[in-house]
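Only one structure is covered here, and it is reproduced in the block below.
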Amino acid sequence: MYSPAEVARRYVETGKSKAALPVGRMLLLGMLAGAFIALAGGSATFAVSYGGGLAGAAVFPAGLAMVLLAGSELFTGNCLLVIPLLERQLTWGRMLRSWGVVYLANVLGAGSVAALTVAAGTFDGVYESVVATAAAKAGLPFLTALRGVLCNFLVCIAVWMSLAAQSVPGKLAAMYLPIFTFVLCGFEHSVANMFYLPAGILTAGRYGVAAEGLSWASMWTGNLLPVTLGNILGGCLVGVVYWAVYLRRGRRA
């Protein structure tokens, strides 16, 4: 495996390459990542319904496995772009451009999977659970951002650990437990919620289920906005700490 110091040095170039992608390619890769996370979320919905929270947590890491190995761009993982930014190898404009494009693309990818799965009747047997999950997420207080901080701290640690591994089995093993942990603890992941919330809204409409407080507006104000801010803080915390330890001038390992 690569040492943490080697991962930090290698990520500077990796991050620069990510931020330099043409917008069209960035959009397509971002849509793939949103779809991958959404498909894992759909699977986890069934796992929770039939086997409880532990089963859902065991299934959901499939999403990040697809993101990392199939090639795609995930907003939450890209919070690590703060590392090349601090190394002055990336500008604020380039980083924010990447975040904005990838975030939009993740919304489109996850939302498309939500629409397709609901239209296909995928959740016929668990539709009440789908609506209840979305309603609970949309009704969380603004301080739910704290769950977003903890979530993306773990997601970026999972990405970091996968970058340390030099084999496919190693990457899968490295990323699995941090993702399992955040799902089991009920932390909030903005890209996953780009699936859960639209799926719940569309499912409520399809099956005529009453869901007080669940709407397109509450999806954003009650969840995605605070959770996204928390995800940025948690992900950047990982990047800043590892930059300070391994790359900051005078401390290079």
Side-chain angles (χ1 to χ4, degrees), residues 1-19 21 26 29-30 32-41 57 60-87 89-90 95 98-99 101-103 105-106 109-110 148-185 187-194 227-228 230-247:
M1 62 175 279
Y2 296 111
S3 70
E6 289 173 317
V7 174
R9 289 193 292 268
R10 289 168 62 86
Y11 190 82
V12 174
E13 293 303 317
T14 299
K16 285 170 59 179
S17 298
K18 284 176 170 289
L21 285 170
M26 201 180 288
L29 292 172
L32 281 176
F36 293 154
I37 297 298
L39 290 167
F60 190 81
L64 189 62
M66 289 186 280
V67 167
L68 294 174
L69 298 181
S72 58
E73 291 294 316
L74 184 66
F75 168 75
T76 45
N78 283 4
C79 288
L80 290 173
L81 289 177
V82 71
I83 294 173
L85 175 74
L86 291 170
E87 277 294 279
Q89 299 297 308
L90 190 65
M95 183 180 76
S98 175
W99 283 2
V101 172
V102 170
Y103 190 90
N106 289 171
V149 174
L150 296 168
C151 169
N152 209 32
F153 181 88
L154 286 168
V155 170
C156 286
I157 288 295
V159 171
W160 189 270
M161 290 167 63
S162 76
L163 293 172
Q166 298 185 40
S167 69
V168 169
K171 289 180 181 296
L172 291 173
M175 54 72 55
Y176 187 87
L177 287 177
I179 303 303
F180 178 92
T181 300
F182 104 66
V183 177
L184 191 62
C185 290
F187 299 149
E188 294 287 317
H189 188 265
S190 58
V191 182
N193 291 348
M194 294 170 191
V227 168
T228 298
N231 284 171
I232 291 172
L233 181 57
C236 287
L237 177 61
V238 174
V240 169
V241 168
Y242 280 125
W243 171 82
V245 171
Y246 294 115
L247 297 175

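Residues take their numbers from the sequence shown, with the count starting at 1. Values below: every heavy atom of this structure, side chains too, minus hydrogens, waters and symmetry copies. This one's a predicted model, so the numbers in the text were calculated from it and none came from an experiment.
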Stepwise side-chain contact (heavy atoms from CB on, under 4.5 Å) test for Leu163 and Arg10
CA-CA 9 Å; Leu163 293 172; Arg10 289 168 62 86; over 6 Å; no

Should Phe153 and Ile157 be marked as a side-chain contact (heavy atoms from CB on, under 4.5 Å) after you check the CA-CA gap, both sets of side-chain angles, and the distance that decides it?
CA-CA 6 Å; Phe153 181 88; Ile157 288 295; 4.0 Å; yes

Trace of the side-chain contact (heavy atoms from CB on, under 4.5 Å) decision for Ser98 with Met26:
CA-CA 8 Å; Ser98 175; Met26 201 180 288; 4.2 Å; yes

If you apply the rule side-chain contact (heavy atoms from CB on, under 4.5 Å), what do you find for Tyr242 with Val7, and how did you get there?
CA-CA 9 Å; Tyr242 280 125; Val7 174; over 6 Å; no

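Contact between Glu73 and Lys18 at its shortest, heavy atoms only, is OE2-NZ, 3.2 Å. Minimum heavy-atom separation, Pro84 to Gly15: CG-CA, 4.0 Å. Nearest approach of Ala65 to Met175, heavy atoms of both residues: N-CE, 3.7 Å. When all heavy atoms of Cys156 and Cys79 are compared, the pair lying nearest together is SG-CB, 4.5 Å. Taking both residues in full, the closest heavy atoms of Trp160 and Pro4 are given as CZ2-O, 3.5 Å, listed atom of the first, atom of the second, then distance. Here the closest non-hydrogen pair linking Val183 and Ala57 is CG1-CA, 3.6 Å.
Atom CG of Leu74 and atom CG of Leu32 lie 11.5 Å apart (nearest 0.5 Å). Atom CD of Glu87 is separated from atom CG of Leu247 by 4.5 Å, given to the nearest 0.5 angstrom. Here Phe60 contributes atom CZ and Ile37 contributes atom CD1; the two are 5.0 Å apart, rounded to the nearest 0.5 Å. Taking CG of Leu80 as the start and CG of Asn152 as the end, the distance is 8.0 Å to the nearest 0.5 Å. Atom CG of residue Asn78 and atom OH of residue Tyr103 lie 13.5 Å apart, to the nearest 0.5 angstrom. With values rounded to the nearest 0.5 angstrom, Leu150 atom CG is found 11.5 Å from Phe182 atom CZ.
A 4.5 Å side-chain heavy-atom check between Leu81 and Tyr11 finds at least one atom pair inside the cut-off. Between Ile179 and Leu154, every side-chain heavy-atom pair lies at or beyond the 4.5 Å cut-off. In this structure, the side chains of Leu68 and Lys171 stay at 4.5 Å or more apart for every pair of heavy atoms. Residues Tyr2 and Arg9 are not in side-chain contact: their nearest non-hydrogen atoms beyond the backbone lie 4.5 Å or more apart.
The only option from Thr76, Asn106, Asn231 that meets the side chain to side chain donor-acceptor pair (under 3.5 Å) definition with Ser190 turns out to be Asn231.
Annotation: salt bridge (charged side-chain N to carboxylate O under 4.0 Å, His left out) contacts of Lys16 (sequence neighbours excluded): Glu13.
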